[in-house]
Engineer: 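After the structure tokens below, expect a handful of questions from me.
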Amino acid sequence: MSLRAVKGMKDILPDEISKWHRLENAFRTRVEGYGFREVRFPILEPTALFVRSIGETTDIVEKEMYTFTDRGEKSLTLRPEGTASSVRAYVQHSVQAREPVTKWYYIGPMYRRERPAKGRFRQFYQAGIEVFGDPGPYVDAEVIDMVVGFIASLGISDVEVLVNSIGGPETRESYRDALLGYLTPYRAELCPDCQRRMDANPLRVLDCKVPRCSEIAAGAPSILKHLTDEDRAHFDGLQETLTILGTPYRVDGSLVRGLDYYSRTLFEVLGKGEGLGAQNALLGGGRYDQMVRSFDGPDTPAIGFAMGLERLLMAMPEADTESHVDVFIVAAQASVRGQATLLGRELRDAGLRVESDLRGGSLKSQLRRADKIDARIAMILGESEVEEGVVQLKDLKNKTQEQVPRTDAAARAKSLLSD
RNA sequence: GUGGGUGUAGCUCAGUGGUAGAGCACUGGAUUGUGGCUCCGGGUGUCGCGGGUUCAAUUCCCGUCACUCACCCCA
């Protein structure tokens, strides 16, 4: 066929959707237990929002955004992530004036025009949280602990939690100088990308996967040694709290995020199980204390993370699929199809999930259908049943059948289902 | 953007220089109104597309497109 879903964008069919629901419900339940409330943002935002927040020289902004001009007027972009919109909405609605601390969560599609691979799509789903107004470090630890607990609750056990601090602006400036001082003699040995990174954003050289670059990066001075006293105290506070909580973590001084807005705390959860492929970053986040102010909001510290739902889904163990139908109605003759349809409505009004094959067909084929879709109960209605005001109630699992008055059918079905 | 792999039935895949198969799925029957198991029967394909070689190409060659995996980067 010639018309297909756009490259890197997938349909999620009903057979897969229950796993998505399981994941999304687990996330909602988890974060709501910590006081987070849901927000929904537009999928389209002004392009400048992402350029300013994510950073002009990041890969996302340089080459991965879906950007177009709206009818020759404004440049719009399909959101590549959720934090920028969160900050925009927080500032736009002066949320700081209503409450000292704001805890939001979101779930939705994001768009990045990357080459698709296992666990990486051009439309992908993220769930994330943001906390505005709490400078930490206790909230940092609580957020990390929350996400670790969440991932465990999905049955994903084989993960590693990495934390780092890149300090505030002051730390970053002094570290940048030190790092450049270290890297400059190696400049010619670095890959072309890293040579460019040295000018644009030297911290990213630490994250390079080219063997020679990572060798050089391994010898680089640690940013942790350049933290100001305040930044150091914050990072120590985070680690102490994680220890009290018993949250497993590992400090990784080379952890650098690909978005420019972070400060101080950074963290990432790596999945280590089979089946994830090379895209093993399940979740990433950190603190972005300067961002609200940079969007003309009040000076407001903030921390958040986002996780990739497709990747979580790949790491989640399979669960038994549950039936989506309680009762399947079988019309024994074409003449009672109208009555069968009415019975369906009666049962649904009583709160049951009811299916039937309104096309008719043989009794055998209708029962086969009931079995196929895993209905627990079949209710058979024929001419004699209609005449007597009864239905044949067949328990497909226990292979028993009884005749019950039609008025009792719903109640009897419910009691069977609750066993 | 760079490299590798794969394109055959709705799905998973086998196969052949003489235009094609299995399992699953779907469907009818064995049981005039009773499912799952078993048995018997049924339908379905531009063999991704274009070109070349050949008497003949789904098969060999070239190109192209799609999908996929890895690199890069990220969730």
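Letters A, B, ... mirror the listed sequences (proteins, then strands); counts begin at 1.
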Engineer: Counting the atoms with a prime plus P, OP1 and OP2 as sugar-phosphate, which does A:Gln366 contact under 4.0 Å by heavy atoms, base, sugar-phosphate, or nothing?
Structural biologist: nothing

Engineer: Which whole number of Å gives the distance between the C1' atom of B:U44 and that of B:A22?
Structural biologist: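 Nearest-Å result for B:U44 against B:A22 at atom C1': 15 Å.
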
Engineer: Assign A:Leu283 to base, sugar-phosphate, or nothing according to its heavy-atom contacts below 4.0 angstrom with the strands shown.
Structural biologist: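 A:Leu283: backbone/sugar contact only, no base atoms under 4.0 Å.
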
Engineer: Looking at A:Asp326 and A:Arg376, does any basic side-chain N land under 4.0 Å from a carboxylate oxygen?
Structural biologist: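 Between A:Arg376 and A:Asp326 there is no salt bridge, as every charged N stays at least 4.0 Å from the carboxylate O atoms.
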
Engineer: Going through the checks in order, is the side-chain contact (heavy atoms from CB on, under 4.5 Å) test met by A:Asp145 and A:Tyr34?
Structural biologist: CA-CA 11 Å; A:Asp145 186 54; A:Tyr34 282 77; 4.3 Å; yes

Engineer: To the side chain of A:Arg115, which of B:U2, B:A75, B:G35 is closest?
Structural biologist: B:U2

Engineer: Considering only atom C1', compute the distance from B:U2 to B:U59 and round it to an integer number of Å.
Structural biologist: 31 Å

Engineer: Given B:G35, B:C67, B:C72, identify the nucleotide with an atom nearest to the side chain of A:Arg120.
Structural biologist: B:C72

Engineer: Do A:Gln126 and A:Glu81 pair up side chain to side chain, a donor and an acceptor below 3.5 Å, judged on atom types alone?
Structural biologist: no

Engineer: To the nearest Å, how far apart are A:Arg4 CZ and B:C49 P?
Structural biologist: 14 Å

Engineer: With respect to the side chain of A:Ala117, which nucleotide from B:U68, B:A70, B:C67 is positioned closest?
Structural biologist: B:A70

Engineer: For A:Asp371 and B:G35, give me the distance from atom CG to atom P, rounded to whole Å.
Structural biologist: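 So the CG-P distance, A:Asp371 to B:G35, works out to 10 Å.
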
Engineer: Looking at every strand, decide which applies to A:Leu312 at a 4.0 Å heavy-atom threshold: base, sugar-phosphate, or nothing.
Structural biologist: nothing

Engineer: With respect to the side chain of A:Glu114, which nucleotide from B:C71, B:U34, B:C73 is positioned closest?
Structural biologist: B:C73

Engineer: Which dot-bracket string fits RNA chain B when only Watson-Crick or G-U wobble pairs with both atom distances under 3.5 Å count, crossing pairs get [ ], and | stands for a partner on a different strand?
Structural biologist: (((((((..((((....[..)))).(((((.......))))).....(((((..]....))))))))))))....

Engineer: Under a 3.5 Å threshold, yes or no: a donor from one side chain and an acceptor from the other, between A:Ser415 and A:Arg412?
Structural biologist: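 Indeed, the side chains of A:Ser415 and A:Arg412 share at least one donor-acceptor pair under 3.5 Å.
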
Engineer: With sugar-phosphate meaning primed atoms plus P, OP1 and OP2, does A:Gly128 contact a base, only sugar-phosphate, or nothing at under 4.0 Å between heavy atoms?
Structural biologist: nothing

Engineer: Inspect the surroundings of CG in A:Asp70 and state if more than 12 heavy atoms from other residues, nucleotides or ligands are less than 6.0 Å away.
Structural biologist: yes

Engineer: When the distance from CG of A:Asn280 to P of B:C73 is rounded to whole Å, what number comes out?
Structural biologist: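 It is 14 Å, rounded to the nearest whole Å.
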
Engineer: May I have the distance from A:Leu396 (atom CG) to B:U34 (atom C1'), rounded to whole angstrom?
Structural biologist: 10 Å

Engineer: Mapping A:Ala5 and A:Phe124 to their closest nucleotides on RNA chain B, which lands nearer the 5' end?
Structural biologist: A:Ala5

Engineer: If we take the C1' atom in both B:U68 and B:G48, what is their distance in whole Å?
Structural biologist: 15 Å

Engineer: Donor-acceptor pair under 3.5 Å: do we get one between A:Glu64's side chain and the base of B:G1?
Structural biologist: no

Engineer: Take atom C1' in B:C49 and the same atom in B:A66, then report the distance between them in whole Å.
Structural biologist: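 Each nucleotide's C1' atom is 10 Å from the other's.
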
Engineer: If we take the P atom in both B:U46 and B:G52, what is their distance in whole Å?
Structural biologist: 23 Å

Engineer: If we count only N and O atoms by modelled type, under 3.5 Å, do the side chains of A:Gln96 and A:Thr300 hold a donor and an acceptor together?
Structural biologist: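 There is no such pair (donor and acceptor under 3.5 Å, judged by atom type) between the side chains of A:Gln96 and A:Thr300.
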
Engineer: Taking atom types as modelled and ignoring hydrogens, do the side chains of A:Arg406 and A:Gln339 form a donor-acceptor contact shorter than 3.5 angstrom?
Structural biologist: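 The criterion, which ignores hydrogens and geometry beyond distance, is satisfied for A:Gln339 and A:Arg406.
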
Engineer: With a 4.5 Å cut-off on side-chain heavy atoms, are A:Met379 and A:Val354 touching?
Structural biologist: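 They are not in side-chain contact.
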
Engineer: In whole angstrom, what separates A:Met9's CE from B:C67's C1'?
Structural biologist: 16 Å

Engineer: I'd like the C1' distance from B:C62 over to B:C74, given in whole Å.
Structural biologist: 37 Å

Engineer: Donor-acceptor pair, distance only, cut-off 3.5 Å: does the side chain of A:Gln123 make one with the backbone of A:Gly8?
Structural biologist: no

Engineer: Mind checking if A:Ala370 touches a base, just sugar-phosphate, or nothing, with heavy atoms under 4.0 Å?
Structural biologist: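 Result for A:Ala370 = nothing.
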
Engineer: Rounded off to whole Å, could you give me the CG-to-P distance for the A:Leu154 and B:A75 pair?
Structural biologist: 19 Å

Engineer: Let me know the distance between CE of A:Met65 and P of B:A75, rounded to the nearest Å.
Structural biologist: 15 Å

Engineer: Which distance, rounded to the nearest 0.5 Å, do you find between the CG of A:Leu227 and the CZ of A:Phe235?
Structural biologist: 7.5 Å

Engineer: For B:U6 and B:G15, measure between their P atoms and round to the nearest Å.
Structural biologist: 13 Å

Engineer: Applying the side chain to side chain donor-acceptor pair (under 3.5 Å) test to A:Glu130, which of A:Trp104, A:Tyr90, A:Tyr288 qualifies?
Structural biologist: A:Tyr288

Engineer: Among B:U34, B:C69, B:C73, which nucleotide sits nearest the side chain of A:Lys118?
Structural biologist: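 Looking only at heavy atoms from C-beta outward on A:Lys118, the closest nucleotide is B:C69.
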
Engineer: Starting at the 5' end of nucleotides 23-32 of chain B, put B wherever the base has a protein heavy atom under 4.0 Å, S where only the sugar-phosphate does, and a dash everywhere else.
Structural biologist: --SS-S-B--

Engineer: If you measure from the C1' atom in B:C61 to the same atom in B:C69, how many Å do you get, rounded?
Structural biologist: 26 Å

Engineer: With the side chain of A:Gln401 defined as its heavy atoms from C-beta on, choose the nearest nucleotide among B:A75, B:U34, B:U2.
Structural biologist: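 The listed nucleotide nearest to A:Gln401's side chain is B:U34.
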
Engineer: What contact category does A:Phe328 fall into here, base, sugar-phosphate, or nothing, at under 4.0 angstrom with non-hydrogen atoms?
Structural biologist: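 Nothing: the residue A:Phe328, judged by heavy atoms under 4.0 Å, touches no strand.
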
Engineer: Starting at the 5' end of RNA chain B, which residue's closest nucleotide do you reach first, A:Gln333 or A:Lys7?
Structural biologist: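 Result: A:Gln333.
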
Engineer: Can you check the A:Ile60 CD1 to B:C72 C1' distance for me, whole Å?
Structural biologist: 13 Å

Engineer: Counting only side-chain nitrogens and oxygens, does A:Lys399 get under 4.0 Å of the OP1 or OP2 atom of B:G35?
Structural biologist: no

Engineer: Check salt bridge (Lys or Arg N to Asp or Glu O under 4.0 Å) between A:Arg250 and all other residues, then give those that pass, not counting sequence neighbours.
Structural biologist: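 Salt bridge (Lys or Arg N to Asp or Glu O under 4.0 Å) list for A:Arg250, sorted by chain: A:Glu160.
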
Engineer: Look at all strands and tell whether A:Lys394 reaches a base, only sugar-phosphate, or nothing, counting heavy atoms closer than 4.0 Å.
Structural biologist: base

